Amino acid sequence: MDLGHLIYEKEGRIATLTLNRLDRGNALCRKLRDELDLVLDDLDSDDDTRVLIIKSNGKNFCTGYDLTEWGYLWGTGEPSRPEDARPHRHNPIFSRREFHESRERWMRLWRIRQATIGVVKGACVAGGLDLAAVLDIVFTAEDATFGQPEARTMGEIHVFGMWPIHLGMRKTKEWLFSGDSMTGVEAAELGLANRAVPADEVEAVARAYAERISHVPLEMLYAHKESTNRWWDAMGIASAIAAANDADAMAIAGPAMQDFERIQKEKGVRAAVEDRDEPFSHHRTYWEAYKASKGG
């Protein structure tokens, strides 16, 4: 298997997949997504592997979707594929189609037979939340960062981070409206992760859990997954996530993106992101801002 952005290893009944795109903060590019599909192809035919651990090399778990590949939608940067240079590709109906396809690719990981375990250190933001969302179990470093800062101007991510499932309605809105980021401790308390531990222990904790459940036959792990996931299928998870894809396509084409587009054209993606986040940069959350205003 020819992989460039991922490292895929197997030991006994446990497979490990490592994000290894260090120069881009493990941002999700098309090639990385294609490589992930190859890994899923392999696991589909592997009746011996029972657990898949997904972790990262470098400082961050995943800093989101690679915006350099999506800039063509708002008229900046060079298209990464010839077809993206066609004028009609800027139309929201086509970006909507791409986002729906991305959702289905993530849901394949959600449905795979093996138990999946995420190991989060550093930033798990924007598109990184889509990856973490579709995993069965997530262990996080206490000082990790989870958030959707893109929600401040750029729309929704492709499976919406499954926040309404993991956080509930009110907490989803509380964090999504502001685009603020939560710590690993907060993520575990709110249900976005299973457990937060010191950063130097998180991989070992995930491995200990993986080894324990690797003694359970694959068909039983799969039965447990299907029986649990079916509750959410029955409640309409697919159509609910699709609403985020539709809203994302419209938001990217809307007026909220005008300043971001202008700054990216003049100064690049990093400057546009910094300008977007500057009003929120003085305090991590509204609650910290409130306490600071009270002298707390």
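The model shown is predicted, which means the values in this text are computed figures rather than measured ones. Values below: every heavy atom of this structure, side chains too, minus hydrogens, waters and symmetry copies.
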State whether the number of non-hydrogen atoms from other residues, nucleotides or ligands found under 6.0 Å of [X] atom [atom1] is greater than 12.
X    : atom1 : answer
R270 : CZ    : no
K59  : NZ    : no
R195 : CZ    : no
E11  : CD    : no
Y8   : OH    : yes

Salt bridge or not for [X] and [Y], using N-O below 4.0 Å?
X    : Y    : result
E98  : R30  : yes
D277 : R152 : yes
D130 : R105 : no
R276 : E150 : no
E226 : R230 : yes
E101 : R97  : yes
D34  : K31  : no
R170 : E174 : no
R13  : D48  : no

Exercise. Evaluate the salt bridge (Lys or Arg N to Asp or Glu O under 4.0 Å) criterion for residues R113 and D44: first the C-alpha distance (whole Å), next the side-chain angles of each, then the deciding distance (0.1 Å), finally the verdict.
Key: CA-CA 8 Å; R113 297 174 301 163; D44 274 342; 5.2 Å; no

Euclidean distance, [Y] [atom2] relative to [X] [atom1], rounded to 0.5 Å:
X    : Y    : atom1 : atom2 : answer
D66  : L28  : CG    : CG    : 8.5 Å
M182 : K171 : CE    : NZ    : 9.0 Å
D143 : K121 : CG    : NZ    : 10.0 Å
N229 : W110 : CG    : CH2   : 4.0 Å
R21  : C29  : CZ    : SG    : 3.5 Å
K55  : N20  : NZ    : CG    : 9.0 Å

Within-4.5 Å side-chain heavy-atom neighbours: [X] and [Y]:
X    : Y    : answer
L67  : Q264 : no
C62  : L19  : yes
N57  : I7   : yes
L176 : E156 : yes
L129 : L192 : yes
F61  : S56  : yes
Q114 : L218 : yes
Q148 : I157 : yes

Please say yes or no: joined through hydrophobic side-chain contacts below 4.5 Å, possibly via intermediate residues, are [X] and [Y] part of one cluster?
X    : Y    : result
L3   : I54  : yes
L32  : L38  : yes
V216 : Y222 : no
W175 : V120 : yes
M162 : W232 : yes

Within the distance-only criterion (no hydrogens, no angle test), does the side chain of [X] pair as donor or acceptor with the backbone N or O of [Y] below 3.5 angstrom?
X    : Y    : answer
E35  : H5   : yes
S239 : G236 : yes
T145 : G122 : no

Short side-chain donor-acceptor distance under 3.5 Å, [Y] and [X]:
X    : Y    : value
H100 : D246 : yes
N60  : N26  : no
R33  : S102 : yes

Could you pull out the closest heavy-atom pair between [X] and [Y], with the gap in Å?
X    : Y    : result
A126 : G64  : CB-CA, 4.0 Å
A206 : I53  : O-CD1, 4.4 Å
G184 : F146 : CA-CE1, 3.9 Å
V138 : A132 : CG2-O, 3.7 Å
D136 : A115 : OD2-CA, 3.4 Å
A193 : T140 : CB-CG2, 3.7 Å

Quiz item: Taking the six-membered ring for Trp, are H283 and Y290 ring centroids under 6.0 Å apart?
Solution: no

Self-check item: Cation-aromatic face contact R111/W106, 6.0 Å, 45 degrees
Solution: no

Practice problem: Would you please test V159 and V134 for side chain to side chain contact (heavy atoms under 4.5 Å, CB included) and show each step? | Solution: CA-CA 8 Å; V159 298; V134 297; 4.3 Å; yes

Quiz prompt | Positive for side chain to side chain contact (heavy atoms under 4.5 Å, CB included) with L52, one of T116, D46, I112 | solution = T116

Quiz item: E211 and R50: salt bridge (Lys or Arg N to Asp or Glu O under 4.0 Å), yes or no, with the steps?
Solution: CA-CA 10 Å; E211 290 175 352; R50 300 178 179 182; over 6 Å; no

